[in-house]
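A note on names: the letters A, B, ... follow the listed sequences, proteins ahead of strands, and every chain is numbered from 1. None of the values given here were measured: they were computed from a predicted structure.
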Protein chains: 2
Amino acid sequence: MNKKQLQSELTKKRIADAARVLFIQKGYKATSIEDIVEVTGSSKGNIYYHFKSKEGLFLYLVEEWDHDWEQKWFEKESKYETTIDKLYGIAEQMVLDDLNHPLTKAADEFFNNEEKTSDVEERLAEMVVRHLKFYEKLIREGMEKGEFKQDNVESLAVILEGLFFGLSQMSRKSSMKEALELYQLAVKVFLSGIASRSS
Amino acid sequence: MNKKQLQSELTKKRIADAARVLFIQKGYKATSIEDIVEVTGSSKGNIYYHFKSKEGLFLYLVEEWDHDWEQKWFEKESKYETTIDKLYGIAEQMVLDDLNHPLTKAADEFFNNEEKTSDVEERLAEMVVRHLKFYEKLIREGMEKGEFKQDNVESLAVILEGLFFGLSQMSRKSSMKEALELYQLAVKVFLSGIASRSS
DNA sequence: AATAATACTGAACGTTTATTCAGTATTCTA
DNA sequence: TAGAATACTGAATAAACGTTCAGTATTATT
């Protein structure tokens, strides 16, 4: 690899990293290209040289994150024996990896606020479906193993996705330790409930 | 009351109602004054005649909603005997009243994205605290009655607030019926968990 | 009816922002 | 070393948006 190509990759990564932080902190729309210019030191033109558009830059980040997160989980998954342990493991990865699915909120804003142009909507919808499938598979596994009660798998997956999304909102200003404890308690509640006797 | 005053109040209400719908649908930043102009037929100047600014218009809606929701709940609360029933009642009111805490998302966007000017931040923070206190009181009551297991009240309140917030996100495109079923299942899970035997 | 007060209009202003592009600097190739 | 390819710059463009304001229409007051 060239010195030039190497430099180029580093620059692209530097832009992507800075943009990721900003999108997470400020959301999609509130993050301007100018913001990224200020943080990276790159010029506007250079950002557009590496990414076709703001939309393209954002999608790049989402796809990258989604890919990395799944990959990392699948590498760890086999180390957990029970489905219950997996649930705690997922919660842990969510907190430790990126303190709350960081781009989910920005992605949601993006998905809901932007003009419905191009294939972007389709790609993001696929992402949500993938998340739900991910949880459905887990919950179904737990039911088959007898760890979970029989119930509506699809709805439980939505609830779990919603719970984790909500928790990420609530713990945006928390420390990692606080967030982890919150997530763990939430998983415990999701598993056992808060009622003193089950109905 | 004058014919003029009446007309003025109606206009103000018309603007507020339209703005509420738009903020809910599109979020805070993505809703432009121009959007409100188009929907209401009022002019830009008229909107600024009735509300000092976009910020002021939004805060007006948040405060109005918060007030109405609490009032309505307190009127109903005594009709529920157990704390568990109250939880289901709250979920029901959330769905039926305004299909998902509608302004919470926009308020959150507002709170996180906007420049930290004025007393706005303070007022919104107070709102979140009020929500948590609301849930804390409920959970504490459930524990005192023996309906709930003893646990960290503050954290459970955060989880409950997070759960409801997350559910509202997930059911934005659902019908009222679907949303209600989802919320009810979520409350059931919050109470009893999904595990086949509690740990 | 005349004047004042209130309700409303919409063009104009200033700012912000995504995007482009003509040109410059750096590195590679032959 | 000459010229091509690549990486980068930053001023310019154009569109969008919140806000203002001078003026008009409507209703109230005397």
Considering only residues two or more places apart or on different chains, which pairs with a residue in residues 7-16 of chain B satisfy salt bridge (Lys or Arg N to Asp or Glu O under 4.0 Å)?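 Salt bridge (Lys or Arg N to Asp or Glu O under 4.0 Å) check on residues 7-16 of chain B returns Lys13(B)-Asp17(B).
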With Lys4(B), which residues qualify under side-chain hydrogen bond (donor to acceptor under 3.5 Å, both in side chains), at least two apart? none
Pairing residues for [X] by the salt bridge (charged side-chain N to carboxylate O under 4.0 Å, His left out) criterion, not counting sequence neighbours:
X	answer
Lys86(B)	Glu77(B), Glu141(B)
Glu181(B)	Lys177(B)
Lys52(B)	none
Glu64(B)	Arg20(B)

Please list, pair by pair, any protein nitrogen or oxygen found under 3.5 Å from a nitrogen or oxygen in nucleotides 1-5 of chain C.
| unit_1 | atom_1 | unit_2 | atom_2 | d |
| --- | --- | --- | --- | --- |
| dA5(C) | N3 | Lys4(B) | NZ | 3.3 |

Under-4.0 Å side-chain N/O to phosphate OP1/OP2 contact, Tyr49(B) with dC8(C):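 Checking Tyr49(B) against dC8(C): no side-chain N or O falls below 4.0 Å of OP1 or OP2.
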Contact letters for nucleotides 16-21 of chain D, in which S counts primed atoms plus P, OP1 and OP2 and B counts the base, heavy atoms under 4.0 Å: -SBBBB
Once side chain to side chain contact (heavy atoms under 4.5 Å, CB included) is applied, do any residues pair with Val39(A), and if so which ones, sequence neighbours excluded?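 With sequence neighbours excluded, Val39(A) shows a side chain to side chain contact (heavy atoms under 4.5 Å, CB included) to Ala18(A), Leu22(A), given in chain and number order.
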Residues at least two apart in sequence or cross-chain that pass side chain to side chain contact (heavy atoms under 4.5 Å, CB included) with Val158(A), listed by chain then number, are Leu132(A), Met170(B), Leu182(B)
Ring pair (Phe, Tyr, Trp, His ring centres under 6.0 Å) partners for Tyr80(B), two or more places apart: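 Ring pair (Phe, Tyr, Trp, His ring centres under 6.0 Å) list for Tyr80(B), sorted by chain: Trp73(B).
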Note the angle between the end axes of the helix from dA1(C)-dT30(D) to dT27(C)-dA4(D), five pairs defining each, rounded to 10 degrees. 10°
